[in-house]
Amino acid sequence: MRIEELSVDERVKRIIRERGIEELYPPQAKALKSGVLEGKNLVLAIPTASGKTLVSEIVMVNKLLHEGGKAIYLVPLKALAEEKYREFKAWEVLGLRVAATTGDYDSTDEWLGKYDIIVATAEKFDSLLRHGSSWIRDVKLVVADEVHLIGSYDRGATLEMILSHMLDKAQILALSATVGNAEELAEWLNAELVVSDWRPVELRKGVFSHGQLFWEDGKIDRYPSSWDSLVVDAIKKGKQALVFVNTRRSAEKEAVSLASKIYRLLTKPEQRKLEELTESLESNPTNNRLREALKKGVAFHHAGLGRSERTVIEDAFREGLIKVITATPTLSAGINLPAFRVIIRDTKRYSNFGWVDIPVLEVQQMMGRAGRPKYDKRGEAIIVAKTEDPKKLMERYVFGKPEKLFSMLSNESAFRGQILALITNFSIGNFRELIEFLERTFYFHQRSDTSQLEWKAKEIVYFLIENEFIDLDLNDHFMPLLFGRRTSQLYIDPLTAKKFRDAFPKLEKNPNPFGIFQLIASTPDMGTLNARRKEMEDYLDLAYEMEEKLYVNIPYWEDYTFQSFINEVKTAKILLDWINEVPETRIYDAYNIDPGDLYRILELADWLMYSLIELYKLFEPKEEVLAYLRNLHLRLRHGVREELLELVRLPNIGRKRARALYNAGFRTQEDIIRAKVSELLAVEGIGMKVIEGLFRYFGVELPGASKKGADERNPKKRRGTLDDFLR
DNA sequence: CATGGCTGAGTCTAGACAGCATGTC
DNA sequence: CTAGACTCAGCCATG
């Protein structure tokens, strides 16, 4: 179908044509003829890269131009919110305004009311709903990207609840990977269903077993016995490869081992550019391992990498500079990074229940990464069989149907938070209304029986009453309490809130970082960090050493809580090191964690620390304790000792610059205002830009006329790390 | 007796959303 | 029940 035949606004057609698109892909055409343009709900289950985004753009923009209102575009990842935001920005020429909102920026927030297309993570939108922003009622369309995540254990419930809320209030466009029961999903959403496996780039799938490559069409190719020959072969053909493995360790190992084989296939300019790229990376244990592979044209990609490293790798791969990426599932969903050949080395993964087969849905998503639309005529996805029977793998993953989606609403911890929100933020007044609402969910649609769910809900309601999140009046009417409402708005698990609250009396008597960090780490919202077997004794010793600082009793070795307690101590110790300015690299070494892990821990601790303070405020807070907590929060956010807090409040001054300034004798803001520019320039990490920013902040003219920067090349800058300070 | 290599037992394992008020090196 | 990479202690052979 040609663009001009579309029955949408002329302006929409014009912009699409300007992008060079004249013809729609068949599934796109089918989707747009389904009635979505007339306002019907639609479930669109087609492969990645087959044009889901364009369909949603057309539907969104056309609707907004004709009816006004707002469209919400839900994504599962912050990185995706960013990506979609940039794509949708193009529609601003039509006068529509586009915004993105994730946990990283903004909140309630009334300013979003000015925008027409809002990209948000599911959790963020859920939070916005809870805050009850006035513009929510203008939402006319909800696009849910990657809606199959409704079946994800820990995050599915959120998406399900959002859709349950918005059903009947807005048009729904659900974009899904191919799943086993798309019909069921469509029925629930009262939607049309368009399913297709058409792709713009042909996908050829196969299974590799000991030198033989069995293609799905029955043809067999011969290779050397090791699967890495498939990678080398792709690079020799001038293509790229993506290798999926199941652990970080494997990703790193395979990257280094492939690098030794890829290296000689690089051109001189490529080698030079890679060398440059390698040099530009900050030095730390993880990055050093990465560098070893990177300079030879291979990279590994997993959640232990820092944010900037990830983007550097992604960009360099898209550019064609990096030839191979070995990755954990970070890359299987999420950002779009296709390659000609995809190798799936592992089809099993370690989970809480031991070794499990990776779901068909996930493997097919990995395979879907094969083939770059503009560069390749086709893509190749190859599963490696080691001990397993290649026929079985072929049957299961190549010809097999992906799993059915199951509602995860009954997941205890997610359900607890959702029930609380229904009562405190969505004015569900009594148990009957609660059940009525639950009958709108996918869970009910799927099982048409809520007895189990009702039973669980009842238990949760009792828990919420018992712990004063809510109350019951004489007519069995729910009465939200402030504690409950705030917990729900802070978006923390009620269990976390309860833990905090229970600890307040002890905390008040003995506020100290270690106790508070252990408390935060013991929360279900913190996520886990595993202490190694060999470390356990050390952390236990530490716990006993710090016993009087803790707000809990140290469990016995045989207690079932022992392992998690040790993990909490480890986490607390890391946070303690962080606010005592232990250099990052030493933290990575001492705790055997990667930069991405530290980043994650800090992000979580920051959020939970804020929540702890907010909840403390509700219970007759002591002013000095509150001040102490706020201080600690700031130290946690910036990773500094108390003495740097004043400096760290300044613009562009973080832990490193603040420490450098302090050691150079600038200990207060006053010191800096009075300093000569040349003196400040002599401090490590301080340049003209930073100084200009500082004085702008102070609202003071730059002192002295030495703006020319005669001292700028001062060779002996003072180093600013704590180590140097202590030396 | 010191060194080095082999072997078997033991250990460890993916990812990433949320608040709020503004800017890391 | 199903994996794979790695570490480490213990053992043996070698010089």
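Here is the naming used below: chain letters follow the sequence lines, and residue numbers restart at 1 for every chain.
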Exercise. Can you pull the contact range of chain A along DNA chain C, 5' to 3', using atoms under 4.0 angstrom from its heavy atoms?
Worked result: dT2(C) to dC8(C)
Seminar exercise, completed: Sorted by position of nearest nucleotide on DNA chain B, 5' first, the leading residue of R637(A) and V648(A) is R637(A)
For this session: Just compare dA14(B), dC25(B), dT13(B) and give me whichever is closest to any side-chain atom of W355(A).
Result: dT13(B)
Exercise. How close or far is atom C1' of dA14(B) from atom CZ of F300(A), stated in whole angstroms?
Worked result: 15 Å
Seminar exercise, completed: With sequence neighbours left out, the residues meeting salt bridge (Lys or Arg N to Asp or Glu O under 4.0 Å) with R310(A) are none
Exercise. Heavy atoms under 4.0 Å, any strand shown: does D346(A) hit a base, just sugar-phosphate, or nothing?
Worked result: nothing
Problem set entry | Atom pair distance, as rounded to whole Å: CG in L634(A) and P in dT24(B) | 10 Å
For this session: Just call it for L650(A): base, sugar-phosphate, or nothing, with non-hydrogen atoms closer than 4.0 Å on any strand.
Result: sugar-phosphate
For this session: Look at the side-chain N and O atoms of T328(A) and state whether any lies under 4.0 Å from the OP1 or OP2 oxygen of dG15(B).
Result: yes
For this session: Classify the ring geometry between F300(A) and H302(A) as parallel (under 30°), tilted (30 to 60°) or perpendicular (over 60°).
Result: parallel
For this session: Check every strand shown and say whether L77(A) touches a base, only sugar-phosphate, or nothing at a heavy-atom separation below 4.0 Å.
Result: sugar-phosphate
Exercise. Which part of the nucleic acid, if any, lies within reach of H301(A) when heavy atoms closer than 4.0 Å are counted: base, sugar-phosphate only, or nothing?
Worked result: nothing
Seminar exercise, completed: Here the distance between atom P of dC12(B) and atom CD1 of I593(A), to the nearest Å, is 16 Å
Seminar exercise, completed: Side-chain atoms of Y491(A) come closest, of dT13(B), dG19(B), dA14(B), to dG19(B)
Exercise. Salt bridge or not for K78(A) and E603(A), using N-O below 4.0 Å?
Worked result: yes
Seminar exercise, completed: Expected list for residues 527-535 of chain A near DNA chain B, using heavy atoms below 4.0 Å, is N530(A), R532(A), R533(A)
For this session: Scan side-chain atoms only and decide if R291(A) and N287(A) contain a donor-acceptor pair under the 3.5 Å cut-off.
Result: no
For this session: Can you run through DNA chain C from 5' to 3' and write each base as (, ), [, ], | or . depending on how it pairs? Watson-Crick or G-U wobble, both distances under 3.5 Å.
Result: ..|||||||||||||
For this session: Name all residues meeting the ring pair (Phe, Tyr, Trp, His ring centres under 6.0 Å) criterion together with F483(A); count only those two or more places apart in sequence or in a different chain, and write none if there are none.
Result: F469(A), F619(A)
Problem set entry | Heavy-atom donor-acceptor pair, R248(A) side-chain to dA14(B) base, under 3.5 Å | no
Exercise. OP1 or OP2 of dC20(B) less than 4.0 angstrom from a side-chain nitrogen or oxygen of H131(A), does that happen here?
Worked result: yes
Exercise. Using purine N1 to pyrimidine N3 plus N6-O4 or O6-N4 for Watson-Crick, or N1-O2 and O6-N3 for G-U wobble, both under 3.5 Å, which nucleotide pairs with dT22(B)?
Worked result: none
Exercise. Given dC17(B), dG23(B), dG19(B), which nucleotide is nearest the side-chain atoms of S127(A)?
Worked result: dG19(B)
Problem set entry | Separation between the P atoms of dA16(B) and dT2(C), rounded to whole Å | 30 Å
For this session: Can you tell me, in whole Å, how much space there is between the C1' of dA14(B) and that of dG4(C)?
Result: 15 Å
Exercise. Mind checking what makes ring pair (Phe, Tyr, Trp, His ring centres under 6.0 Å) contact with Y73(A), not counting sequence neighbours?
Worked result: F88(A)
For this session: Mark yes or no for whether R307(A), through its side chain, and Y599(A), through its backbone, hold a donor-acceptor pair below 3.5 Å.
Result: no
Problem set entry | Whole angstrom value for the distance that separates P of dA21(B) from CZ of R630(A) | 12 Å
For this session: Scan side-chain atoms only and decide if N567(A) and Q563(A) contain a donor-acceptor pair under the 3.5 Å cut-off.
Result: yes
For this session: Using heavy atoms to find the nearest nucleotide of DNA chain C for K253(A) and V356(A) separately, return the residue whose nucleotide is more 5′.
Result: V356(A)
Exercise. Got a salt bridge between E614(A) and K617(A), using NZ or NE/NH1/NH2 to carboxylate O under 4.0 Å?
Worked result: yes
Exercise. Do the charged groups of D594(A) and R248(A) touch, with an N to O distance under 4.0 Å?
Worked result: yes
For this session: Taking atom types as modelled, find out whether Y591(A) and D597(A) have a side-chain donor-acceptor pair closer than 3.5 angstrom.
Result: no
Exercise. When we call it a touch if two heavy atoms are under 4.0 Å apart, what does S611(A) touch: a base, just sugar-phosphate, or nothing?
Worked result: nothing
Exercise. Are E388(A) and R396(A) within salt-bridge range, i.e. N to O under 4.0 Å?
Worked result: no
Problem set entry | Closest listed nucleotide, where the reference is the side chain of R155(A) and the choices are dA16(B), dT13(B), dA18(B) | dA16(B)
Exercise. Do the side chain of H148(A) and the main chain of A177(A) share a donor and acceptor less than 3.5 angstrom apart?
Worked result: yes
Seminar exercise, completed: Testing dC12(B), dA18(B), dG19(B) for proximity to the side chain of L604(A), the answer is dA18(B)
Exercise. Do NZ/NE/NH1/NH2 and the carboxylate oxygens of E643(A) and R635(A) come within less than 4.0 Å?
Worked result: no
Exercise. Which comes earlier along DNA chain B counting from the 5' end, the contact point of E282(A) or that of R310(A), where each point is its nearest nucleotide?
Worked result: R310(A)
Exercise. For dA16(B), what is the paired nucleotide under Watson-Crick or G-U wobble rules, both distances under 3.5 Å?
Worked result: none
For this session: Please determine if a side-chain N or O atom of K689(A) lies less than 4.0 Å away from the OP1 or OP2 oxygen of dC25(B).
Result: no
